[in-house]
Amino acid sequence: MTLEKLFGSNSTEKKMETVSQALEVLLVAAQRQDCLTVGVYESAKLMNVDPDSVVLCVLATDEEDEGDIALQIHFTLLQAFCCDNGINILRVAGMGCLAELLEEDSTGDKNGNEPRDLHCILVTNPQVQPLQSLALDNISSFCEESRCSNQWVPCLEMHDR
(Lines give C-alpha, C1' and ligand atoms only; values in the text may rest on other atoms or scores of the structure.)
Protein backbone atom coordinates (compact mmCIF):
# COMPACT_ATOMS: atom_id res chain seq x y z
CA MET A 1 0.00 0.00 0.00
CA THR A 2 1.40 3.40 -0.97
CA LEU A 3 1.04 6.69 0.84
CA GLU A 4 -1.09 7.99 -2.02
CA LYS A 5 -3.51 5.11 -1.48
CA LEU A 6 -3.57 5.74 2.26
CA PHE A 7 -3.97 9.51 2.18
CA GLY A 8 -5.19 10.01 -1.36
CA SER A 9 -3.46 11.88 -4.14
CA ASN A 10 -5.11 15.10 -2.97
CA SER A 11 -2.21 15.83 -0.58
CA THR A 12 0.25 15.38 -3.46
CA GLU A 13 -1.77 17.77 -5.61
CA LYS A 14 -1.86 20.34 -2.80
CA LYS A 15 1.91 20.04 -2.35
CA MET A 16 2.48 20.54 -6.08
CA GLU A 17 0.17 23.57 -6.08
CA THR A 18 2.04 25.05 -3.11
CA VAL A 19 5.39 24.54 -4.81
CA SER A 20 4.04 25.98 -8.07
CA GLN A 21 2.87 29.10 -6.23
CA ALA A 22 6.20 29.35 -4.41
CA LEU A 23 8.01 29.16 -7.75
CA GLU A 24 5.88 32.00 -9.12
CA VAL A 25 6.63 34.16 -6.06
CA LEU A 26 10.34 33.35 -6.21
CA LEU A 27 10.70 34.08 -9.94
CA VAL A 28 8.91 37.42 -9.68
CA ALA A 29 10.95 38.45 -6.61
CA ALA A 30 14.22 37.34 -8.22
CA GLN A 31 13.39 39.24 -11.40
CA ARG A 32 12.74 42.41 -9.40
CA GLN A 33 16.12 42.00 -7.68
CA ASP A 34 17.88 41.27 -10.98
CA CYS A 35 18.72 37.74 -9.80
CA LEU A 36 17.50 35.84 -12.87
CA THR A 37 19.58 34.51 -15.71
CA VAL A 38 17.42 33.51 -18.65
CA GLY A 39 18.47 31.30 -21.55
CA VAL A 40 20.29 28.01 -22.00
CA TYR A 41 23.56 29.55 -23.20
CA GLU A 42 23.49 32.43 -20.71
CA SER A 43 22.85 29.96 -17.90
CA ALA A 44 25.68 27.67 -18.99
CA LYS A 45 28.06 30.65 -19.08
CA LEU A 46 27.07 31.80 -15.59
CA MET A 47 27.36 28.31 -14.10
CA ASN A 48 30.82 27.97 -15.62
CA VAL A 49 31.96 31.27 -14.09
CA ASP A 50 30.10 31.38 -10.75
CA PRO A 51 28.20 28.18 -9.87
CA ASP A 52 28.16 29.06 -6.16
CA SER A 53 25.80 31.96 -6.78
CA VAL A 54 23.10 29.73 -8.34
CA VAL A 55 20.37 28.51 -5.96
CA LEU A 56 17.85 27.09 -8.45
CA CYS A 57 17.80 25.92 -12.05
CA VAL A 58 14.40 25.84 -13.78
CA LEU A 59 14.27 23.81 -17.00
CA ALA A 60 11.05 24.55 -18.87
CA THR A 61 9.46 22.81 -21.82
CA ASP A 62 6.16 22.29 -23.53
CA GLU A 63 5.00 19.20 -25.40
CA GLU A 64 6.40 20.46 -28.70
CA ASP A 65 9.88 20.75 -27.14
CA GLU A 66 10.05 17.07 -26.18
CA GLY A 67 11.29 16.13 -29.67
CA ASP A 68 14.02 18.81 -29.71
CA ILE A 69 17.12 16.64 -29.35
CA ALA A 70 19.53 19.59 -29.02
CA LEU A 71 17.47 21.07 -26.19
CA GLN A 72 17.31 17.71 -24.41
CA ILE A 73 21.11 17.38 -24.67
CA HIS A 74 21.53 20.87 -23.20
CA PHE A 75 19.14 19.92 -20.38
CA THR A 76 21.09 16.74 -19.66
CA LEU A 77 24.36 18.67 -19.44
CA LEU A 78 22.81 21.40 -17.26
CA GLN A 79 21.26 18.79 -14.96
CA ALA A 80 24.59 16.99 -14.58
CA PHE A 81 26.35 20.25 -13.76
CA CYS A 82 23.66 21.16 -11.22
CA CYS A 83 23.90 17.75 -9.55
CA ASP A 84 27.69 18.02 -9.35
CA ASN A 85 27.43 21.47 -7.76
CA GLY A 86 24.49 20.89 -5.40
CA ILE A 87 22.11 23.17 -7.28
CA ASN A 88 18.39 22.43 -6.98
CA ILE A 89 16.67 21.67 -10.29
CA LEU A 90 13.02 21.82 -11.31
CA ARG A 91 11.56 20.67 -14.63
CA VAL A 92 8.56 22.81 -15.46
CA ALA A 93 5.82 22.40 -18.05
CA GLY A 94 4.08 25.57 -19.13
CA MET A 95 6.26 27.96 -21.12
CA GLY A 96 3.30 30.25 -21.75
CA CYS A 97 2.66 30.58 -18.03
CA LEU A 98 6.33 31.41 -17.41
CA ALA A 99 6.29 34.01 -20.19
CA GLU A 100 3.17 35.59 -18.72
CA LEU A 101 4.61 35.51 -15.21
CA LEU A 102 7.86 37.16 -16.31
CA GLU A 103 5.96 39.52 -18.63
CA GLU A 104 7.74 38.23 -21.72
CA ASP A 105 6.38 39.12 -25.13
CA SER A 106 6.61 36.22 -27.57
CA THR A 107 7.41 38.60 -30.42
CA GLY A 108 10.40 40.25 -28.73
CA ASP A 109 10.84 43.67 -27.22
CA LYS A 110 10.18 47.15 -28.60
CA ASN A 111 13.80 47.42 -29.79
CA GLY A 112 13.34 44.50 -32.17
CA ASN A 113 15.31 42.04 -30.04
CA GLU A 114 14.33 38.37 -30.06
CA PRO A 115 12.29 37.11 -27.11
CA ARG A 116 14.35 35.59 -24.31
CA ASP A 117 14.79 31.82 -24.24
CA LEU A 118 12.76 30.71 -21.22
CA HIS A 119 13.85 27.06 -21.50
CA CYS A 120 16.41 27.59 -18.74
CA ILE A 121 16.12 30.07 -15.89
CA LEU A 122 18.64 30.38 -13.09
CA VAL A 123 17.88 32.06 -9.80
CA THR A 124 21.06 33.49 -8.32
CA ASN A 125 21.81 34.60 -4.81
CA PRO A 126 23.64 37.92 -4.71
CA GLN A 127 26.58 38.01 -2.31
CA VAL A 128 25.75 41.52 -1.06
CA GLN A 129 22.15 40.89 0.01
CA PRO A 130 21.30 37.17 -0.21
CA LEU A 131 17.77 36.11 -1.08
CA GLN A 132 15.96 35.02 2.03
CA SER A 133 12.60 33.81 0.97
CA LEU A 134 10.01 31.40 2.28
CA ALA A 135 9.29 30.54 -1.38
CA LEU A 136 12.92 29.51 -1.93
CA ASP A 137 12.84 27.47 1.29
CA ASN A 138 9.65 25.68 0.13
CA ILE A 139 11.15 24.87 -3.25
CA SER A 140 14.42 23.69 -1.71
CA SER A 141 12.49 21.41 0.67
CA PHE A 142 10.48 20.02 -2.23
CA CYS A 143 13.65 19.31 -4.21
CA GLU A 144 15.25 17.65 -1.17
CA GLU A 145 12.17 15.47 -0.59
CA SER A 146 12.19 14.50 -4.25
CA ARG A 147 15.85 13.49 -4.12
CA CYS A 148 15.14 11.38 -1.03
CA SER A 149 12.53 9.48 -3.03
CA ASN A 150 15.00 9.02 -5.93
CA GLN A 151 13.41 11.64 -8.16
CA TRP A 152 16.50 13.73 -8.88
CA VAL A 153 14.75 16.22 -11.12
CA PRO A 154 11.21 16.88 -9.88
CA CYS A 155 8.62 17.95 -12.43
CA LEU A 156 6.07 20.68 -11.93
CA GLU A 157 3.26 21.97 -14.10
CA MET A 158 2.60 25.70 -14.23
CA HIS A 159 -1.04 26.67 -14.46
CA ASP A 160 -2.58 29.74 -16.03
CA ARG A 161 -3.00 32.54 -13.58
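All values derive from a computational prediction rather than experimental measurement.
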Task: Thr37: side chain to side chain contact (heavy atoms under 4.5 Å, CB included) partners, not counting sequence neighbours - done: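 Partners of Thr37 by the side chain to side chain contact (heavy atoms under 4.5 Å, CB included) criterion, ordered by chain and then number, come out as Glu42, Ser43, Leu46, Leu122, Thr124.
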Open item on the list: If hydrophobic clusters are built from ILVMFWY residues whose side chains come within less than 4.5 Å, do Val55 and Val25 share one?
Closed with: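 Val55 does not cluster with Val25.
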Beyond-backbone contact of [X] with [Y], side-chain heavy atoms, under 4.5 angstrom:
X	Y	value
Glu24	Val28	no
Leu56	Leu23	yes
Val54	Val123	no

Open item on the list: Would you say CD of Glu64 has more than 12 non-hydrogen atoms from neighbouring residues, nucleotides or ligands within 6.0 angstrom?
Closed with: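 Buried by this count: over 12 neighbours within 6.0 Å.
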Open item on the list: Counting only heavy atoms not in Asp34 (residues, nucleotides, ligands), do more than 12 fall under 6.0 Å from its CG?
Closed with: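 Incorrect, the count does not exceed 12.
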For residues [X] and [Y], report the shortest heavy-atom separation together with the two atoms involved.
X	Y	answer
Ala60	Phe75	O-CZ, 3.6 Å
Gln151	Cys155	NE2-N, 3.6 Å
Cys57	Leu59	SG-CD2, 3.7 Å
Ala99	Leu118	CA-CD1, 3.5 Å

Task: Pairs flagged by ring pair (Phe, Tyr, Trp, His ring centres under 6.0 Å) wherever residues 33-53 is involved - sequence neighbours left out - done: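 Passing the test, one end in residues 33-53: Tyr41-His74.
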When the side chains of residues 85-98 are checked against the rest of the protein, which donor-acceptor pairs come out under 3.5 Å, sequence neighbours left out?
residue, atom, partner, partner atom, Å
Asn85, ND2, Phe81, O, 2.9
Asn88, OD1, Arg147, NH1, 2.9
Asn88, OD1, Arg147, NH2, 3.2
Asn88, ND2, Ser140, OG, 3.3
Arg91, NH1, Gln79, OE1, 3.4

Open item on the list: Once side chain to side chain donor-acceptor pair (under 3.5 Å) is applied, do any residues pair with Asp117, and if so which ones, sequence neighbours excluded?
Closed with: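 With neighbours one apart ignored, the set is His119.
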Open item on the list: Run the side chain to side chain donor-acceptor pair (under 3.5 Å) test against Glu66 and tell me which residues pass, sequence neighbours left out.
Closed with: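 If we apply the side chain to side chain donor-acceptor pair (under 3.5 Å) test to Glu66, skipping adjacent residues, the hits are Thr61.
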Interatomic distance, [X] atom [atom1] to [Y] atom [atom2] [nearest 0.5 angstrom]:
X	Y	atom1	atom2	answer
Leu27	Cys35	CG	SG	11.5 Å
Asn138	Gln21	CG	CD	10.0 Å
Leu134	Leu26	CG	CG	10.5 Å
Glu17	Leu156	CD	CG	9.0 Å

TODO: Tell me who clusters with Ile69, hydrophobic residues only, linked when side chains sit under 4.5 Å apart either directly or through other members.
DONE: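 Same cluster as Ile69: Ile73, Leu77.
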- [ ] Apply side-chain contact (heavy atoms from CB on, under 4.5 Å) to Ile121 and Leu102, showing your working.
- [x] CA-CA 11 Å; Ile121 301 172; Leu102 298 175; 3.8 Å; yes
